Amino acid sequence: FLGAQLAFVSDSFDSLVFSRLRRIRAGGGAGASPLEKKLFSAPERLISKYARTYAVGETLFARGERGEEVYFVLDGELAITLDGAAGSPELAVLGKGSIFGEMAYLLSEPRTAWASAKTESTVLVLPPALFDRLLKEDTDTARDVIDSLSSRLKGMNERWGRPSSTGSGAS
C-alpha cells in the first residue's frame with residue numbers, strides 16, 4: 001500500500017505542487033497557512049523545470065502554430081492579439097495567475113491568436129500530461145479553465161453582435 005501511495009505521489013507531484021501554487025497565487029494566499037505559503041508560493045523544483053522568462057515584446061506563440069503547451073503566468077503581463085505586429089489591438093491582457101493556451105491543446109488545433117510579453121514575464125509552460133492530470137485531479141483548476149473559455153466565447157459572441165442568451169434553456 002505504501003509503495004502504491006509513493007508511486008501515486010511521485011507521478012502526481014508536479015500537478016499537486018502546481019495546484020497549491022495556483023491557489024496561493026490566485027487567492028493572494030488567503031486561507032493558506034504560513035507554512036503552506038512558504039512551501040508553495042515559489043516551489044523551486046516546479047519553477048526550474050517549467051518556468052520560462054520572456055522579454056518585453058517577445059512572442060510566446062503565434063497564430064496558426066501547432067502547440068500543446070498550456071501556460072500559467074507567474075509574473076508579468078502578456079498581450080493576446082490576432083496579429084503579431086507591434087501596436088495590434090489587444091484581445092486580452094493576462095496577468096499573474098492566468099492560464100492560457102489551453103484552447104489549442106483541448107481542440108487539437110492551431111493557435112488562434114498571438115501571445116507576447118507586454119512586460120518582462122515569467123510563465124510556467126505546462127506539458128499536456130501535467131495539464132491533463134490537473135484537470136482530472138484539481139476541480140478548481142478545471143472549473144477555472146471552463147469559466148475562462150466560457151467568458152471568451154461570450155465575449156466573442158457579443159463582439160460579433162450575437163447577444164448571449166441567459167436562461168433560455170439552450171446550452
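Everything numeric here is computed off the predicted structure, so don't read it as measured data.
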Looking at every heavy atom in both [X] and [Y], which two are closest together, and how far apart are they?
X: Thr81; Y: Ala113; value: O-CB, 3.3 Å
X: Val73; Y: Val123; value: CA-CG1, 4.0 Å
X: Thr53; Y: Glu120; value: CG2-OE2, 3.9 Å
X: Ser108; Y: Arg66; value: O-NH1, 3.1 Å
X: Gly76; Y: Thr119; value: CA-OG1, 3.3 Å
X: Tyr50; Y: Pro127; value: CE2-CD, 3.4 Å

Is there a side-chain contact between [X] and [Y] (heavy atoms, below 4.5 Å)?
X: Leu134; Y: Leu126; value: yes
X: Leu74; Y: Lys96; value: no
X: Phe72; Y: Ser98; value: no
X: Val145; Y: Val70; value: no
X: Tyr105; Y: Glu69; value: no
X: Trp114; Y: Thr59; value: yes
X: Glu65; Y: Arg111; value: yes

Just checking, any donor-acceptor pair under 3.5 angstrom between side chains of Arg152 and Ser148?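 Present: a donor and an acceptor within the cut-off.
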Could you label the plane-to-plane angle of the Tyr71 and Phe100 rings as parallel, tilted or perpendicular, counting under 30° as parallel and over 60° as perpendicular?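 Correct class here is parallel.
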Kindly determine whether Val93 and Leu78 satisfy side-chain contact (heavy atoms from CB on, under 4.5 Å), including the steps that lead there. CA-CA 6 Å; Val93 175; Leu78 299 136; over 6 Å; no
With Tyr54 via side chain to side chain donor-acceptor pair (under 3.5 Å) - residues at least two apart: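 Listed in chain order: nothing, the list is empty.
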Are Lys118 and Glu90 close enough for a salt bridge, meaning some N to O gap below 4.0 Å?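 Result for this pair is yes, salt bridge flagged.
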With the threshold set at 4.0 Å, does a side-chain nitrogen-carboxylate oxygen contact exist between Asp147 and Arg143?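 Salt bridge flag = yes for Arg143 with Asp147.
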Looking at CG of Leu149 and CG of Leu106, how far apart are the two atoms once the value is rounded to the nearest 0.5 Å?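 Atom-to-atom, Leu149:CG and Leu106:CG are 6.5 Å apart.
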Spacing of CD1 belonging to Ile80 relative to OG1 belonging to Thr112, to within rounding of 0.5 Å: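 With rounding to 0.5 Å, CD1 (Ile80) is 9.0 Å from OG1 (Thr112).
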Walk me through whether Leu94 and Glu77 qualify under side-chain contact (heavy atoms from CB on, under 4.5 Å). CA-CA 5 Å; Leu94 307 173; Glu77 288 187 334; over 6 Å; no
